[in-house]
Every structure is written in structure tokens, then in C-alpha cells.
Amino acid sequence: MLQAIIHSVSKQDSIQLEGTVVDVLPNATFRVSVSESHEVLSTLAGNMRRFRIRVLQGDRVTVEVSPYDLTRGRITFRHKT
């Protein structure tokens, strides 16, 4: 039964969440607050690095989180404020 549940989630599936950047850390790493009680340690996605999109503290962002590790993610979009 447990194997059937594990095999139903594929590696390509990701959870998209919206949050705000709380901390800017070294090496293009950010701490994003997704809800009041949950924070995700995130890095910038490749296209955001390529086009040099700046992300600052307080920005609203979209984060892709793996279903296997809900504490780490990838910032894929910065919302206009």
C-alpha cells in the first residue's frame, strides 16, 4: 500500500506556493515565508539568474517546492508590486 502511494508522486510534480521574502542570505539564497508558520529556504531558478532579476526582502514571489522536501524550494517568479 505504501509503495503505491510513493509511486503515484512523480519527480516532475512540484507544488507552487506564493510567499514573501523574509531574509536575503548569501549565494542567491532566500528565506521565503509561505504561511505564518512555514518558511522555505529557496534559491533562484535558472532563468531568473540568467536575466538578472533582482529579488529583495519584502518581495512577493512564487516558489516551487518538491513534494519530498517541503523545506527547500526554487523561486520561479517575482510578482510586480
Side-chain angles (χ1 to χ4, degrees):
M1 178 68 181
L2 183 60
Q3 286 182 333
I5 294 172
I6 291 173
H7 289 297
S8 66
V9 177
S10 70
K11 285 185 181 179
Q12 288 80 20
D13 291 342
S14 63
I15 303 166
Q16 289 194 350
L17 304 170
E18 288 190 18
T20 58
V21 176
V22 178
D23 285 333
V24 179
L25 303 170
N27 298 327
T29 307
F30 303 89
R31 184 163 287 124
V32 178
S33 175
V34 178
S35 66
E36 292 181 13
S37 61
H38 189 67
E39 289 187 347
V40 178
L41 191 63
S42 305
T43 59
L44 285 178
N47 270 349
M48 293 191 68
R49 286 183 193 213
R50 184 171 144 207
F51 294 114
R52 296 189 177 126
I53 296 174
R54 296 270 177 148
V55 177
L56 302 173
Q57 186 174 0
D59 285 347
R60 284 187 332 120
V61 293
T62 300
V63 180
E64 282 187 359
V65 180
S66 168
Y68 298 108
D69 187 5
L70 299 175
T71 61
R72 294 188 176 267
R74 179 175 55 218
I75 297 175
T76 57
F77 188 76
R78 180 178 152 255
H79 297 277
K80 305 243 185 208
T81 56

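Values below: every heavy atom of this structure, side chains too, minus hydrogens, waters and symmetry copies.
With a 6.0 Å radius and a threshold of 12 heavy atoms from other residues, nucleotides or ligands, R72 has its CZ atom at or below the threshold.
With rounding to the nearest 0.5 angstrom, the CD1 atom of I15 is 7.5 Å from the OG atom of S66. With rounding to the nearest 0.5 Å, the separation of CE in M48 from OG1 in T43 is 10.5 Å.
Residues P67 and S14 approach most closely at CD-CA, 4.4 Å, considering heavy atoms. Taking both residues in full, the closest heavy atoms of S42 and I75 are given as CB-CG1, 3.7 Å, listed atom of the first, atom of the second, then distance.
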Validation: residues 24-35 side-chain donor-acceptor distances under 3.5 Å, sequence neighbours left out:
{"from": "T29", "atom 1": "OG1", "to": "P26", "atom 2": "O", "distance (Å)": "3.1"}
{"from": "T29", "atom 1": "OG1", "to": "N27", "atom 2": "O", "distance (Å)": "3.2"}
{"from": "R31", "atom 1": "NH1", "to": "D23", "atom 2": "OD2", "distance (Å)": "3.4"}
{"from": "S33", "atom 1": "OG", "to": "S35", "atom 2": "O", "distance (Å)": "3.1"}
{"from": "S35", "atom 1": "OG", "to": "H38", "atom 2": "N", "distance (Å)": "3.4"}

Which donor-acceptor pairs under 3.5 Å do the side chains of residues 53-65 make with protein atoms, sequence neighbours left out?
{"from": "Q57", "atom 1": "NE2", "to": "V22", "atom 2": "O", "distance (Å)": "2.8"}
{"from": "D59", "atom 1": "OD2", "to": "L56", "atom 2": "N", "distance (Å)": "2.8"}
{"from": "D59", "atom 1": "OD2", "to": "R78", "atom 2": "NE", "distance (Å)": "3.1"}
{"from": "T62", "atom 1": "OG1", "to": "H79", "atom 2": "NE2", "distance (Å)": "2.8"}
{"from": "E64", "atom 1": "OE1", "to": "R74", "atom 2": "NH2", "distance (Å)": "2.7"}
{"from": "E64", "atom 1": "OE2", "to": "Q16", "atom 2": "NE2", "distance (Å)": "3.4"}

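For T20, there are no side chain to side chain donor-acceptor pair (under 3.5 Å) partners two or more places apart in sequence or in a different chain.
Membership of an apolar cluster is not assigned to F77, as no side-chain contact below 4.5 Å to another ILVMFWY residue is traced.
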